[in-house]
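Everything below concerns the one structure shown next.
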Amino acid sequence: IAILAPKLTAYEVDRVQSYAFQALEILASDQLANVRTILAETLKDVAQAPEELIKKLACDSELSVATPVLENSPVLTDEALLEIISNGISSGALGAISNRASVSSSVSDAIVETHDVPAITTLLCNDSAQIREETLDQLVDQSREIEEWQGPLVHRPVLSNNAAQRLAEFVADNLMDTLKGRDDLNSETLHVVRKEVSRRLADTH
């Protein structure tokens, strides 16, 4: 039914479509999590899936149900994702949103505002996630205390010169090598990074 329903068009019998969607709603309310999981896995990539049904699955208390939809469903708009986040969700569900193939800057801001470290780590590791420069600067400052963010920050595809210089003050030596090798930083920033590398080398002797 999950495969059939999205293919029904306006030219087909409305009653058949109604019955199919009703059946999906019943399955989405099934007490057995594995039934709801099968439904979520089946509909996660379907652009024509019923919006209310997808939202219901996305808010399911079982991660096995919510995660496939939160991470993949094209039905979930930024507005829907922001509403889901604002209503409060588990760290695992938040991480699924962070791992979407496309994450807008507004959704990224909402994830950062939750202060959920694992979800924000996932967001930083997602190269396709759009993160505003101001938000990245905020995370750079916080990464002094949250070491698991340092590596993903250093490897972000877009990193401001200011952020790179601040990261150079405290990241591990192996990450300094990565900073030094970036080709999107200006000469002044590279000079600061290399100077810091030299200072650290001198301190070890």
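Heavy atoms only: backbone and side chains are in, while hydrogens, waters and symmetry mates are out.
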Apply the test salt bridge (charged side-chain N to carboxylate O under 4.0 Å, His left out) to residues E52 and K56: give CA-CA distance (whole Å), side-chain angles for both, the deciding distance (0.1 Å), then the verdict.
-> CA-CA 6 Å; E52 289 307 312; K56 184 173 185 176; over 6 Å; no
In short, A101 meets S128 closest at the heavy-atom pair O-OG, 2.6 Å
Between L63 and G92 the two heavy atoms that sit nearest each other are CD2-C, 3.7 Å
| message | Are V65 and V46 connected into the same hydrophobic cluster when the rule is that any two of I, L, V, M, F, W, Y join if their side-chain heavy atoms are below 4.5 Å apart? | response | yes
- Does any N or O in the side chain of N99 come within less than 3.5 Å of the main-chain N or O of G95, such that one atom is a donor and the other an acceptor? no
| request: Kindly indicate whether the side chain of V117, heavy atoms from C-beta on, has any atom under 4.5 Å from the side chain of W149. | output: yes
message: Just so I know, are the side chains of E188 and N161 near enough to count as touching, which here means a heavy-atom distance under 4.5 Å?
response: no
Side chains of S108 and L123, heavy atoms from C-beta outward: is any pair under 4.5 Å?
yes
| message | Before you tell me yes or no, could you show the steps for E41 and K44 under side chain to side chain contact (heavy atoms under 4.5 Å, CB included), namely the whole-Å CA-CA distance, both residues' side-chain angles and the distance that decides it to 0.1 Å? | response | CA-CA 5 Å; E41 287 286 352; K44 67 181 182 182; 3.0 Å; yes
Residues joined to L190 in its hydrophobic cluster, side chain to side chain under 4.5 Å directly or through other members, sorted by chain and number, are L185
Closest non-hydrogen atoms of L57 and A40, given as atom of the first, atom of the second and distance, are CD1-CA, 4.1 Å
**Check: I84 and L70 side chains under 4.5 Å, non-hydrogen atoms** = yes
When rounded to the nearest 0.5 Å, the distance separating CD1 of I54 from OG1 of T77 is 12.5 Å
Worked check of side-chain hydrogen bond (donor to acceptor under 3.5 Å, both in side chains) between Q130 and S104:
CA-CA 5 Å; Q130 299 176 32; S104 70; over 6 Å; no
| request: Check the side chains of Q150 and S143 for a donor-acceptor pair under 3.5 angstrom, ignoring hydrogens and angles. | output: no
| field | Under 3.5 Å: donor-acceptor pair, side chain of T114, backbone of I111 | value | yes
Can you confirm whether more than 12 heavy atoms, excluding those of E145, are under 6.0 Å from its CD atom? no
R156 side chain vs L124 backbone, donor-acceptor pair below 3.5 Å:
yes
Looking only at heavy atoms, the pair that brings V69 and A58 closest together is CG1-CB, 4.0 Å
CD1 of I120 to CD of E148, rounded to nearest 0.5 Å, is 10.0 Å
- Are any of the side-chain heavy atoms of L81 and V103 separated by less than 4.5 Å? no
Decide side chain to side chain contact (heavy atoms under 4.5 Å, CB included) for R166 and D141; before the verdict, give the C-alpha distance in whole Å, the side-chain angles of both, and the deciding distance to 0.1 Å. CA-CA 8 Å; R166 281 156 50 212; D141 288 338; 2.6 Å; yes
Rounded to the nearest 0.5 angstrom, the CG-CG distance for L179 and L159 is 7.0 Å
Distance-only side-chain donor-acceptor flag, S64 / T37, under 3.5 Å: yes
Value for CD1 (I89) from OG (S61), rounded to nearest 0.5 Å, stands at 13.0 Å
Checklist entry - Is there a side-chain contact between E133 and L136 (heavy atoms, below 4.5 Å)? => result no
Report task. Please answer whether the main-chain N or O of G151 pairs with a side-chain N or O of H155 as donor and acceptor at a distance below 3.5 Å. Result -> yes
Under a 4.5 Å side-chain heavy-atom rule over Ile, Leu, Val, Met, Phe, Trp and Tyr, are L175 and I146 clustered together?
yes
- Do E169 and E196 have side-chain heavy atoms sitting under 4.5 Å apart? no
**V112 vs I131 side-chain heavy atoms within contact, under 4.5 Å** = no
Here the gap from L139 atom CG to R144 atom CZ, rounded to the nearest 0.5 Å, amounts to 14.0 Å
Backbone N or O of S98 within a donor-acceptor pair of the N126 side chain at under 3.5 Å? yes
Value for OG (S73) from CG (L76), rounded to nearest 0.5 Å, stands at 4.5 Å
How about CD on E147, more than 12 heavy atoms from neighbouring residues, nucleotides or ligands closer than 6.0 Å, or not?
no
Chi angles and distances behind the side chain to side chain contact (heavy atoms under 4.5 Å, CB included) call for T189, N162: CA-CA 8 Å; T189 299; N162 181 50; over 6 Å; no
In short, salt bridge (charged side-chain N to carboxylate O under 4.0 Å, His left out) pairs touching residues 92-110 with sequence neighbours left out are D109-R132
With a 6.0 Å cut-off (strictly less than), is the heavy-atom count around CD of E134, excluding the residue itself, greater than 12?
yes
M176/V193 under side chain to side chain contact (heavy atoms under 4.5 Å, CB included): CA gap, chis, key distance, verdict = CA-CA 7 Å; M176 288 293 288; V193 172; 4.1 Å; yes
Main-chain N/O of E62 paired to R36 side chain as donor or acceptor, under 3.5 Å: no
